[in-house]
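Below you'll find the structure, written out as C-alpha coordinates, and then a few comments.
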Amino acid sequence: QVHLVESGGGLVQAGGSLRLSCAASGRTFDYWVMGWFRQAPGKEREFVAAISRSGTNTEYADSVKGRFTISRDNVKNTAYLQMTGVKPEDTAVYYCARTARFTAVLYRDAERYAYWGQGTQVTVSS
(Lines give C-alpha, C1' and ligand atoms only; values in the text may rest on other atoms or scores of the structure.)
Protein backbone atom coordinates (compact mmCIF):
# COMPACT_ATOMS: atom_id res chain seq x y z
CA GLN A 1 0.00 0.00 0.00
CA VAL A 2 1.36 3.38 -1.02
CA HIS A 3 0.67 6.40 1.13
CA LEU A 4 1.50 9.97 0.23
CA VAL A 5 1.02 12.67 2.84
CA GLU A 6 1.30 16.35 1.96
CA SER A 7 2.05 19.08 4.46
CA GLY A 8 3.14 22.70 4.55
CA GLY A 9 0.08 24.41 3.15
CA GLY A 10 -1.45 27.49 4.71
CA LEU A 11 -2.25 31.14 4.27
CA VAL A 12 0.41 33.35 2.69
CA GLN A 13 0.44 36.89 1.36
CA ALA A 14 1.00 37.56 -2.31
CA GLY A 15 4.70 37.68 -3.04
CA GLY A 16 5.51 35.38 -0.16
CA SER A 17 6.91 31.86 -0.05
CA LEU A 18 5.79 28.46 1.09
CA ARG A 19 7.32 24.99 0.96
CA LEU A 20 5.14 21.94 0.54
CA SER A 21 6.32 18.46 1.47
CA CYS A 22 5.11 15.05 0.35
CA ALA A 23 6.17 12.11 2.50
CA ALA A 24 5.88 8.70 0.87
CA SER A 25 5.69 5.27 2.43
CA GLY A 26 7.60 2.30 1.09
CA ARG A 27 11.20 1.49 0.27
CA THR A 28 11.25 2.18 -3.47
CA PHE A 29 10.65 5.91 -3.54
CA ASP A 30 13.47 6.46 -6.01
CA TYR A 31 11.79 4.16 -8.58
CA TRP A 32 9.04 6.66 -9.29
CA VAL A 33 8.51 9.95 -11.03
CA MET A 34 6.75 12.32 -8.65
CA GLY A 35 4.41 15.13 -9.56
CA TRP A 36 2.57 18.04 -8.01
CA PHE A 37 -0.89 19.05 -9.15
CA ARG A 38 -3.38 21.60 -7.90
CA GLN A 39 -7.12 22.16 -8.03
CA ALA A 40 -8.80 25.48 -7.45
CA PRO A 41 -12.51 25.75 -6.61
CA GLY A 42 -14.65 25.18 -9.67
CA LYS A 43 -11.67 24.23 -11.82
CA GLU A 44 -10.15 21.00 -13.01
CA ARG A 45 -7.02 19.56 -11.49
CA GLU A 46 -3.96 20.91 -13.28
CA PHE A 47 -0.33 19.93 -13.56
CA VAL A 48 2.18 22.01 -11.61
CA ALA A 49 5.52 20.19 -11.73
CA ALA A 50 7.18 16.80 -12.05
CA ILE A 51 10.59 15.42 -11.16
CA SER A 52 12.57 12.46 -12.38
CA ARG A 53 13.56 9.52 -10.22
CA SER A 54 17.02 10.87 -9.48
CA GLY A 55 15.88 14.48 -9.25
CA THR A 56 18.05 15.53 -12.17
CA ASN A 57 15.22 16.45 -14.53
CA THR A 58 12.18 18.61 -13.86
CA GLU A 59 9.14 19.91 -15.72
CA TYR A 60 6.92 22.86 -14.86
CA ALA A 61 3.65 24.35 -15.95
CA ASP A 62 4.18 27.68 -17.66
CA SER A 63 2.15 29.39 -14.96
CA VAL A 64 4.67 28.51 -12.23
CA LYS A 65 7.95 28.34 -14.15
CA GLY A 66 10.57 30.54 -12.54
CA ARG A 67 8.60 30.79 -9.29
CA PHE A 68 8.19 27.20 -8.09
CA THR A 69 10.88 24.56 -7.63
CA ILE A 70 10.28 20.84 -7.31
CA SER A 71 12.86 18.68 -5.57
CA ARG A 72 13.16 15.36 -3.82
CA ASP A 73 15.18 13.64 -1.13
CA ASN A 74 15.31 9.92 -1.88
CA VAL A 75 16.84 9.16 1.50
CA LYS A 76 13.94 10.79 3.31
CA ASN A 77 11.34 9.49 0.81
CA THR A 78 10.06 13.03 0.43
CA ALA A 79 9.25 15.33 -2.45
CA TYR A 80 9.04 19.09 -2.10
CA LEU A 81 7.50 22.05 -3.85
CA GLN A 82 9.14 25.37 -3.02
CA MET A 83 6.76 28.17 -3.90
CA THR A 84 8.07 31.73 -4.19
CA GLY A 85 6.51 34.91 -5.48
CA VAL A 86 3.08 33.41 -4.94
CA LYS A 87 0.02 35.01 -6.49
CA PRO A 88 -3.67 34.91 -5.57
CA GLU A 89 -4.26 32.67 -8.59
CA ASP A 90 -2.00 30.05 -6.95
CA THR A 91 -4.75 29.47 -4.39
CA ALA A 92 -5.74 25.80 -4.61
CA VAL A 93 -5.52 22.41 -2.98
CA TYR A 94 -2.12 20.99 -3.86
CA TYR A 95 -1.65 17.27 -4.37
CA CYS A 96 1.44 15.16 -4.79
CA ALA A 97 1.27 12.04 -6.89
CA ARG A 98 3.33 9.04 -7.92
CA THR A 99 3.38 7.49 -11.35
CA ALA A 100 1.71 4.16 -11.96
CA ARG A 101 4.66 2.63 -13.77
CA PHE A 102 8.41 2.62 -13.69
CA THR A 103 9.16 5.36 -16.19
CA ALA A 104 11.56 8.14 -17.11
CA VAL A 105 8.82 10.32 -18.60
CA LEU A 106 7.80 13.40 -16.64
CA TYR A 107 4.09 13.20 -17.35
CA ARG A 108 1.81 16.22 -17.20
CA ASP A 109 -1.30 14.07 -17.51
CA ALA A 110 -2.90 13.25 -14.15
CA GLU A 111 -4.09 9.91 -15.52
CA ARG A 112 -0.47 8.72 -15.58
CA TYR A 113 -0.27 9.01 -11.81
CA ALA A 114 -1.74 6.17 -9.80
CA TYR A 115 -1.25 7.27 -6.21
CA TRP A 116 -2.30 10.55 -4.68
CA GLY A 117 -2.06 12.30 -1.35
CA GLN A 118 -5.02 13.86 0.41
CA GLY A 119 -3.99 17.37 -0.57
CA THR A 120 -2.95 20.48 1.32
CA GLN A 121 -4.68 23.85 1.02
CA VAL A 122 -2.70 26.87 -0.11
CA THR A 123 -4.41 30.24 0.12
CA VAL A 124 -2.74 33.38 -1.19
CA SER A 125 -4.15 36.69 -0.01
CA SER A 126 -3.80 39.82 -2.09
Side-chain angles (χ1 to χ4, degrees):
Q1 189 74 11
V2 177
H3 291 286
L4 302 175
V5 180
E6 301 96 336
S7 61
L11 177 64
V12 60
Q13 287 190 335
S17 299
L18 210 58
R19 189 175 83 155
L20 306 183
S21 298
C22 171
S25 63
R27 296 179 295 173
T28 58
F29 181 71
D30 58 349
Y31 280 18
W32 315 106
V33 166
M34 298 296 295
W36 284 96
F37 291 77
R38 67 186 181 186
Q39 187 166 19
K43 295 188 177 182
E44 293 188 353
R45 189 171 298 189
E46 65 173 356
F47 170 79
V48 175
I51 188 165
S52 63
R53 299 192 303 269
S54 67
T56 301
N57 297 313
T58 56
E59 283 283 331
Y60 296 94
D62 289 344
S63 59
V64 306
K65 197 173 295 184
R67 299 188 298 121
F68 292 8
T69 302
I70 188 172
S71 62
R72 65 191 297 162
D73 185 330
N74 288 341
V75 174
K76 295 182 178 180
N77 281 13
T78 302
Y80 303 96
L81 185 69
Q82 179 69 49
M83 307 167 64
T84 62
V86 296
K87 306 174 181 179
E89 51 265 42
D90 294 323
T91 294
V93 177
Y94 283 72
Y95 300 89
C96 69
R98 198 207 84 177
T99 49
R101 297 179 179 274
F102 183 79
T103 180
V105 180
L106 304 186
Y107 292 111
R108 294 173 176 251
D109 185 354
E111 293 184 354
R112 296 288 189 172
Y113 293 81
Y115 301 94
W116 295 81
Q118 82 290 349
T120 186
Q121 176 71 47
V122 172
T123 302
V124 182
S125 62
S126 57

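Just so it is clear, the structure is predicted and the values come from calculations on it, not from any experiment.
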- How would you list all residue pairs meeting side-chain hydrogen bond (donor to acceptor under 3.5 Å, both in side chains) that involve residues 47-59, not counting sequence neighbours?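 Non-adjacent pairs meeting side-chain hydrogen bond (donor to acceptor under 3.5 Å, both in side chains): Ser54-Thr56, Glu59-Arg108.
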- Message: Quick check: closest heavy atoms across Thr91 and Ala40, and the distance to 0.1 Å?
- Response: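 Answer, listing the atom of Thr91 first, then Ala40: O-CB, 3.6 Å.
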- Message: Tell me the closest heavy-atom pair linking Thr99 and Trp32, and the distance in Å.
- Response: O-CE3, 3.9 Å
- Note on the structure: For Arg72, the salt bridge (charged side-chain N to carboxylate O under 4.0 Å, His left out) test, sequence neighbours excluded, returns none
- Message: Counting only heavy atoms not in Glu89 (residues, nucleotides, ligands), do more than 12 fall under 6.0 Å from its CD?
- Response: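 Atom CD in Glu89 is packed in, count exceeds 12.
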- Message: Please check if the number of heavy atoms outside Arg67 that lie under 6.0 Å from its CZ is greater than 12.
- Response: yes
- Message: With a 4.5 Å cut-off on side-chain heavy atoms, are Tyr95 and Val48 touching?
- Response: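 Contact flag for Val48/Tyr95 side chains = no.
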- So do Phe68 and Trp36 actually touch side chain to side chain, heavy atoms under 4.5 Å? no
- Kindly compute the distance separating OG1 (Thr69) from CE (Met83), expressed to the nearest 0.5 Å. 11.0 Å
- Taking atom SG of Cys96 and atom OH of Tyr115, what is their separation to the nearest 0.5 Å?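 Separation between the atoms: 14.0 Å.
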- Query: Taking it one step at a time, do Phe29 and Met34 satisfy side chain to side chain contact (heavy atoms under 4.5 Å, CB included)?
  - Reply: CA-CA 9 Å; Phe29 181 71; Met34 298 296 295; 3.9 Å; yes
- Item | Worked check of side chain to side chain contact (heavy atoms under 4.5 Å, CB included) between Gln121 and Leu11 | CA-CA 8 Å; Gln121 176 71 47; Leu11 177 64; over 6 Å; no
- Is Asp62 paired with Lys65 through a side-chain N to carboxylate O contact shorter than 4.0 Å?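 Between Asp62 and Lys65 there is a salt bridge, with a charged N closer than 4.0 Å to a carboxylate O.
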